[in-house]
Enquirer: 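Okay, handing you the structure first.
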Amino acid sequence: MSLALVLNSGSSSIKFQLVDPTKHATDDPFASGLVEQIGEPEGKITLKYQGEKYTLNAPIPDHSVGLDMAFNLMGEHGCGIKDVDITAVGHRVVHGGILFSQPEIITDEILDMIRDLIPLAPLHNPANIDGIEVARTLLPDVPHVAVFDTGFFHSMPPAAALYAINADIAAQHGVRRYGFHGTSHEYVSSHVPEMLDMPAAAVNQITLHLGNGASAAAIRGGRAIDTSMGMTPLAGLVMGTRSGDIDPGIVFHLHRSAGMSIDDIDKLLNRDSGVKGLCGVNDFRDIEARIDNEDQDAWLAYNVYIHQLRRYIGSYMIALGRVDAITFTAGVGENAVDVRADALADLEGFGIKIDPEKNAQPNDGAREISADDSQVKVFVIPTNEELAIARYAVKLAEQQR
Ligand code: ADP
């Protein structure tokens with residue numbers, strides 16, 4: 001069996017998976033794990049393999065040591081890089097700017113280009129680059145492939161991609177809408193034509209990636225024409241801890257009136273806002289439990305979340321003109337029955353009708369949840385970004401041979 005190693009490197013963590021690219025979205029990966037607390041006094045590595053979980057606690061000074069230790073832990077339990085056949089390594093890279101529209105085999109030149117994009121993603125791209133450099137050293141004979149979170153949205157028309165600010169300043173500083181979660185929107189939307197039994201080029205669809213981060217996309221004939229995240233992943237829908245769209249004037253107000261620094265406001269909007277900011281928790285299971293106990297803050301947070309979601313669905317219906325399918329995915333989208341029901345409630349006049357019984361079925365693979373007489377089909381399609389990255393990595397590696 002040939003496998004792809006998929007790496008998602010953050011500033012203090014590396015998520016890794018060994019993936020069989022022929023498997024389905026809901027199958028467990030061959031092996032998976034997490035290196036965390038890199039650079040802190042005590043680090044931790046976990047590995048899941050064949051139903052067992054292994055943990056190692058030790059200081060992890062940097063990404064290089066972390067990945068090396070992860071490979072050793074895998075080796076000790078029979079799934080090390082010498083025990084399995086790794087044909088490609090796929091790296092999640094957050095920001096591809098306007099430079100990358102599709103995944104690329106990583107060369108020194110490509111790595112330099114990813115480095116050039118650091119000003120656009122100062123927290124994410126350096127960590128991604130660290131992961132790539134370390135992995136290329138540890139696995140020098142295997143093709144490494146960069147898969148960009150922004151790639152799918154590269155083709156958005158200028159009217160959707162540009163912000164109405166001074167054009168020179170925007171061009172000089174790369175200020176435009178890039179969109180994120182592209183791997184997920186592309187993966188999920190690619191299943192829809194088959195589920196509709198329509199040619200891909202004819203399908204107009206809306207995809208809703210509702211996880212801890214959340215985004216919506218409008219897709220015509222496989223090409224994204226709009227998306228809710230912007231220059232950064234802070235824009236758009238209300239999320240677990242991120243505000244989504246706010247009046248930009250709020251930033252000036254908080255700075256001037258509350259004396260908050262730019263870093264304070266950055267933290268507020270990215271980590272202490274969204275449903276967590278409104279009711280104290282960001283996990284929808286907790287929010288649902290609190291609503292059941294008549295907690296008013298949770299109820300309000302839920303309604304703000306749904307209100308914003310419906311605004312985006314409405315605007316994408318207009319952007320597309322005709323919608324064939326609306327698809328829910330990611331942790332909230334795949335599991336939260338009420339969120340799906342409320343997001344699309346009372347839209348029969350627009351040809352959208354959910355079947356409550358189908359909607360209430362437990363999460364079990366790709367499925368339709370719309371009523372038989374719903375003009376617009378509504379689907380739940382589990383996403384699996386690692387699997388999508390693994391497939392790209394293997395495909396490009398094969399093309400290179
Ligand atoms: P991430 O954006 O971190 O990749 P996921 O797509 O895994 O997130 O989504 C995680 C979120 O999904 C959780 O924070 C929680 O709000 C939600 N979630 C997961 N399972 C359920 C469930 N059974 N019911 C409701 N919400 C759920």
Side-chain angles (χ1 to χ4, degrees), residues 4-19 21 32 34-35 38 62-64 66-67 70 86 88-140 142-156 161 174 176-187 209 211 213 215 217 224 227 229-234 383-397 399-400:
L5 174 66
V6 177
L7 296 179
N8 182 354
S9 306
S11 55
S12 66
S13 71
I14 307 171
K15 287 187 198 144
F16 58 93
Q17 285 198 0
L18 279 172
V19 181
S32 66
L34 177 65
V35 181
I38 297 174
D62 55 34
H63 286 70
S64 170
L67 200 56
I86 297 176
V89 183
H91 297 266
R92 174 177 181 228
V93 178
V94 167
H95 222 304
I98 53 166
L99 301 179
F100 296 106
S101 59
Q102 53 202 19
E104 297 282 352
I105 296 263
I106 299 171
T107 59
D108 292 344
E109 291 72 38
I110 294 287
L111 201 50
D112 283 342
M113 289 165 78
I114 298 172
R115 221 172 258 124
D116 289 342
L117 294 166
I118 288 176
L120 286 176
L123 298 179
H124 291 107
N125 274 28
N128 299 154
I129 291 165
D130 276 353
I132 292 170
E133 284 177 333
V134 171
R136 284 177 93 201
T137 310
L138 294 175
L139 287 163
V142 181
H144 289 249
V145 172
V147 181
F148 301 92
D149 241 29
T150 49
F152 183 55
F153 299 113
H154 189 269
S155 62
M156 280 195 303
R176 55 179 280 145
R177 182 175 288 113
Y178 296 98
F180 299 87
H181 289 151
T183 312
S184 176
H185 286 286
E186 184 174 21
Y187 174 83
H209 176 110
S215 61
T227 193
M229 282 181 166
M231 180 182 141
T232 74
L234 181 55
T383 192
N384 189 331
E385 285 155 292
E386 288 79 14
L387 178 62
I389 292 172
R391 287 183 179 164
Y392 272 126
V394 168
K395 188 169 130 195
L396 265 68
Q399 283 170 4
Q400 201 195 31

Enquirer: Mind checking whether F100 and F148 have parallel, tilted or perpendicular rings, split at 30° and 60°?
Expert: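 Plane angle under 30°, so parallel.
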
Enquirer: Quick one: do the S215 and H185 side chains pair a donor with an acceptor below 3.5 Å?
Expert: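 There is such a pair (donor and acceptor under 3.5 Å, judged by atom type) between the side chains of S215 and H185.
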
Enquirer: For R92, what residues pass the salt bridge (Lys or Arg N to Asp or Glu O under 4.0 Å) criterion, not counting sequence neighbours?
Expert: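 Partners of R92 by the salt bridge (Lys or Arg N to Asp or Glu O under 4.0 Å) criterion, ordered by chain and then number, come out as D149.
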
Enquirer: From the options V89, L7, V147, select the one residue that forms a side chain to side chain contact (heavy atoms under 4.5 Å, CB included) with I389.
Expert: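 The single option meeting the side chain to side chain contact (heavy atoms under 4.5 Å, CB included) with I389 is V147.
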
Enquirer: Just verifying a value: how many Å separate R391 CZ and L396 CG, rounded to the nearest 0.5 Å?
Expert: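 These two atoms lie 15.0 Å from each other.
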
Enquirer: Got a donor-acceptor contact below 3.5 angstrom from the T150 side chain to the G96 backbone?
Expert: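 Side chain of T150 to backbone of G96: a pair is present.
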
Enquirer: Can you confirm whether more than 12 heavy atoms, excluding those of Y187, are under 6.0 Å from its OH atom?
Expert: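 Buried by this count: over 12 neighbours within 6.0 Å.
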
Enquirer: Taking the six-membered ring where the residue is Trp, are the ring centres of H124 and H95 under 6.0 Å apart?
Expert: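 Not under 6.0 Å, so no.
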
Enquirer: Might you point out which heavy atoms bring A88 and A393 nearest each other, and give the distance in Å?
Expert: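 For A88 versus A393, the nearest heavy atoms are CB-O, 3.5 Å.
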
Enquirer: Can you list the steps and then say if E385 with H209 is a side-chain contact (heavy atoms from CB on, under 4.5 Å)?
Expert: CA-CA 11 Å; E385 285 155 292; H209 176 110; 4.0 Å; yes

Enquirer: Between I132 and R136, is the side-chain contact (heavy atoms from CB on, under 4.5 Å) condition met? List the steps.
Expert: CA-CA 6 Å; I132 292 170; R136 284 177 93 201; 3.8 Å; yes

Enquirer: Considering all heavy atoms of both residues, which atom of T227 and which atom of G179 are nearest to each other, and what is their separation?
Expert: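 Shortest heavy-atom contact: CG2-CA, 3.6 Å.
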
Enquirer: Measure across G182 and F152 and return the closest heavy-atom pair with its distance rounded to 0.1 Å.
Expert: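 Looking at all heavy atoms of both residues, the shortest contact is O-CB, 3.7 Å.
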
Enquirer: Take N384 and V19 through the side-chain contact (heavy atoms from CB on, under 4.5 Å) test and state the conclusion after the steps.
Expert: CA-CA 11 Å; N384 189 331; V19 181; over 6 Å; no

Enquirer: Tell me which one of E104, H91, E133 satisfies side-chain hydrogen bond (donor to acceptor under 3.5 Å, both in side chains) with H144.
Expert: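 Only one option passes, and that is H91.
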
Enquirer: State the CD1-CD1 distance between I106 and I114, to the nearest 0.5 angstrom.
Expert: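 Reported value, rounded in 0.5 Å steps: 5.5 Å.
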
Enquirer: Which value, rounded to the nearest 0.5 Å, describes the distance between M156 atom CE and R177 atom CZ?
Expert: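 Reported to 0.5 Å precision, the distance equals 6.0 Å.
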
Enquirer: Between the side chain of R176 and the main-chain N/O of A161, is any donor-acceptor distance below 3.5 Å?
Expert: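 Such a contact is absent between R176 side chain and A161 backbone.
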
Enquirer: Run the side-chain contact (heavy atoms from CB on, under 4.5 Å) test on V35 and L67 for me, step by step, so that the C-alpha distance in whole Å, both residues' side-chain angles and the decisive distance to 0.1 Å come before the verdict.
Expert: CA-CA 7 Å; V35 181; L67 200 56; 5.5 Å; no

Enquirer: To the nearest 0.5 Å, what is the distance between CG (L123) and CG (N128)?
Expert: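 The CG atom of N128 is 11.0 Å from CG of L123, to the nearest 0.5 Å.
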
Enquirer: Please report the shortest heavy-atom distance between P103 and V145, naming the atom on each side.
Expert: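 Between these two residues, the closest heavy atoms are CB-CG1, 4.1 Å.
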
Enquirer: Pick from L117, L120, D130: which one makes a side chain to side chain contact (heavy atoms under 4.5 Å, CB included) with N125?
Expert: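 Exactly one pass, corresponding to L117.
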
Enquirer: Search all heavy atoms of H63 against all heavy atoms of S11 and return the closest pair with its distance.
Expert: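 Minimum heavy-atom contact is CE1-O, 3.3 Å.
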
Enquirer: Compare all side-chain heavy atoms of I105 with those of I110 and state whether any distance is below 4.5 angstrom.
Expert: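 Heavy-atom side-chain distance check fails, nothing below 4.5 Å.
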
Enquirer: What's the shortest heavy-atom distance between P126 and A121, and which atoms?
Expert: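 Taking P126 first and A121 second, the nearest heavy atoms are CD-O, 3.4 Å.
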
